[in-house]
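We count ligands from 1, going down the list as the structure has it; atoms in each ligand are counted the same way. Because only heavy atoms are used, hydrogens play no part in the values below, and waters and symmetry mates are left out as well, while side chains stay in. Computed from a prediction, not measured in an experiment: that's the story for all the values here.
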Amino acid sequence: MNLPIVNLHDHARAAQAALSEAAWAYFSGGAADEISLRRNQAAWQAWSLAPRVLRDLRGGHTRCRLLGREWPMPLLVAPMAHQRWAHAQGEAGMALAASAQGCGLVLSNQTSTPLQDVAQLVLPETERGPLWFQLYWHADRSFTADLLRQVEHAGYEALVLTVDAPVQGVRDRERRHGIPLPEGVRAVHWPAPDSASGAGLCGGLADAAPRWDDVQWLIAQTQLPVLLKGITHPSDALQALQIGAAGVIVSNHGGRVLDTVPATAELLPAIARAVRSQRENALVLVDGGIRRGTDLFKALALGADAALVGRPALYGLAHGGARGVAHVLRLLRDEFEATLALTGCASVQDIDIDLLWFLQSLAPAQPHATPLA
Ligand SMILES: Cc1cc2nc3c(=O)[nH]c(=O)nc-3n(C[C@H](O)[C@H](O)[C@H](O)COP(=O)(O)O)c2cc1C
């Protein structure tokens, strides 16, 4: 009997059934023992909600402000490579679904669909979310500068520079299966791999890995706001702001790069505090393990302006194309709206840390739960 799909876990199961073993290993896998991958989800669950009742919920909405503009939802689809491997509609299906659900989209530098095609689909939609482009550093600055001009010309509204993956993570599941991209699917804005790839840091990749002065150069090349993705340390967040970044994305790459780094829900409060102490209007976003509307709510309560969702959107795409993605985002949106109402919030502006408890144990013998002030 086929049960209806009612949550993001159901979407994961449907995707696994639809994908080849190698594709499932690539899309769902994490680094090494996948401790950070599991911990990302568990850490959101560890926070408990502290709902308030009888508040005035009239005129409720989910709208938020990012980079000076108002958007329907504080949720974006995270950048993810090779989406045409998951489904023939690829990044086009992903982008259409995100904009139809009022969510933002960050297009991966390793997109299998040209960035111009994706922008054309999304930009005319009036109730869409933000459209940003994710960049990996390329040692050849003229390559990066040329790509940047294409991104600006196509109408992308911000750049996301991913800084946590100067080398490929050690992903066991992927190493067993390889990445057998189907015929015709390739990263269209990334040069073909050369002999240095896979050589490891000591074997030559260190020369190509970005440094702070490269980021400073990038920021000077563009009028677009630049966010750094893959920040897990408050000091790096502060340094990013000092050199002119518009904000940071607290991310451990969905547990795909360095295993046993903490979950992003654990890192977010300290990083958000550091950022806000330096610049009140700097952006803080977070991703990793967001699977429920309550997780999104907790991200905002812990100091994020918005969150990104990764694998679940790919899972929706894999088994249902754009309709599958739209359903994933709709579920998150509905759950988030319900959470707002049930915690006594009429809008995202009402969300704050007083609506969370961190309970060391749920056992009744532990009465010392402390609401964070
Ligand atoms: C299959 C896959 C491909 C990814 N490709 C990229 C990428 O090209 N660039 C990037 O910055 N992050 C990439 N990521 C990381 C995501 O942007 C995001 O940080 C992560 O998936 C969030 O965690 P979640 O999947 O638990 O929601 C990828 C993640 C997955 C699962």
Is a side-chain donor-acceptor pair under 3.5 Å present for [Y] with [X]?
{"X": "Asp164", "Y": "Asn252", "answer": "no"}
{"X": "Gln134", "Y": "Thr162", "answer": "yes"}
{"X": "Gln110", "Y": "Ser108", "answer": "no"}
{"X": "Thr113", "Y": "Glu91", "answer": "yes"}
{"X": "Thr222", "Y": "Glu152", "answer": "yes"}

Enumerated ligand 1 atoms positioned under 4.0 Å from heavy atoms of [X]:
{"X": "Leu314", "answer": "1 (C)"}
{"X": "Ser108", "answer": "7 (C), 8 (O)"}
{"X": "Ala78", "answer": "16 (C), 17 (O), 18 (C)"}
{"X": "Thr162", "answer": "10 (C), 11 (O)"}
{"X": "Gly289", "answer": "24 (P), 26 (O), 27 (O)"}
{"X": "Gln134", "answer": "7 (C), 8 (O), 9 (N), 10 (C), 11 (O)"}

* Asked: Does Arg291 have a heavy atom less than 4.0 Å from any atom of ligand 1?
  ->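 The answer is yes: ligand 1 sits under 4.0 Å from a heavy atom of Arg291.
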
* atom 7 (C) of ligand 1 [closest protein heavy-atom partner, distance rounded to 0.1 Å] ->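 For atom 7 (C) of ligand 1, the nearest protein heavy atom is Tyr136 OH, 3.2 Å.
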
* What is the closest protein heavy atom to atom 19 (O) of ligand 1, and at what distance does it sit? ->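 Scanning the protein heavy atoms, the shortest distance from atom 19 (O) of ligand 1 goes to Asp287 OD2, 2.7 Å.
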
With only distance considered, is [X] within less than 3.5 Å of ligand 1 through an N or O on each side?
{"X": "Met80", "answer": "no"}
{"X": "Arg256", "answer": "no"}
{"X": "Gly310", "answer": "yes"}
{"X": "Ala81", "answer": "yes"}

Hey, is [X] touching ligand 1 through its side chain, its backbone, both or neither, going by heavy atoms under 4.0 Å?
{"X": "Ser251", "value": "side chain"}
{"X": "Gln41", "value": "neither"}
{"X": "Leu37", "value": "neither"}
{"X": "Gln83", "value": "neither"}
{"X": "His253", "value": "both"}
{"X": "Lys229", "value": "side chain"}

* Could you check whether the rings of His11 and His319 sit parallel, tilted or perpendicular, using 30° and 60° as the cut-offs? => tilted

Using distance only, find each side-chain donor-acceptor pair of residues 30-39 under 3.5 Å and give its atom names and separation, not counting sequence neighbours.
unit_1, atom_1, unit_2, atom_2, d
Glu34, OE1, Arg173, NH2, 3.2
Glu34, OE2, Gly30, N, 2.8
Glu34, OE2, Arg173, NE, 3.1
Glu34, OE2, Arg173, NH2, 3.3
Ser36, OG, Thr260, N, 2.8
Ser36, OG, Val261, N, 3.0
Ser36, OG, Val261, O, 2.7
Arg38, NH1, Asp33, O, 3.2
Arg38, NH1, Glu34, O, 3.4
Arg38, NH2, Asp33, O, 3.2
Arg39, NE, Glu266, OE1, 2.9
Arg39, NE, Glu266, OE2, 3.3
Arg39, NH2, Glu266, OE1, 3.2
Arg39, NH2, Glu266, OE2, 3.2

* **Residues clustering with Val106 (ILVMFWY side chains joined when closer than 4.5 Å, directly or via others)** => Leu66, Leu67, Trp71, Leu76, Trp132, Val160, Leu227, Ile249, Leu283, Leu285, Leu308

* Can you tell me if Gln83 uses its side chain to pair, donor with acceptor, with the backbone of Met80 under 3.5 Å? ->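 Indeed, once roles are kept as given, a pair shorter than 3.5 Å links the two residues.
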
* To do: Going by heavy-atom distance to atom 16 (C) of ligand 1, choose the closest among Gly254, Pro79, Gly230.
  =>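 Comparing heavy atoms across Gly254, Pro79, Gly230, the nearest one to atom 16 (C) of ligand 1 lies in Pro79.
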
May I ask you to test the [X]-[Y] pair for a side-chain heavy-atom distance under 4.5 Å?
{"X": "Arg292", "Y": "Phe336", "answer": "no"}
{"X": "His233", "Y": "Ile271", "answer": "no"}
{"X": "Leu161", "Y": "Ile219", "answer": "no"}

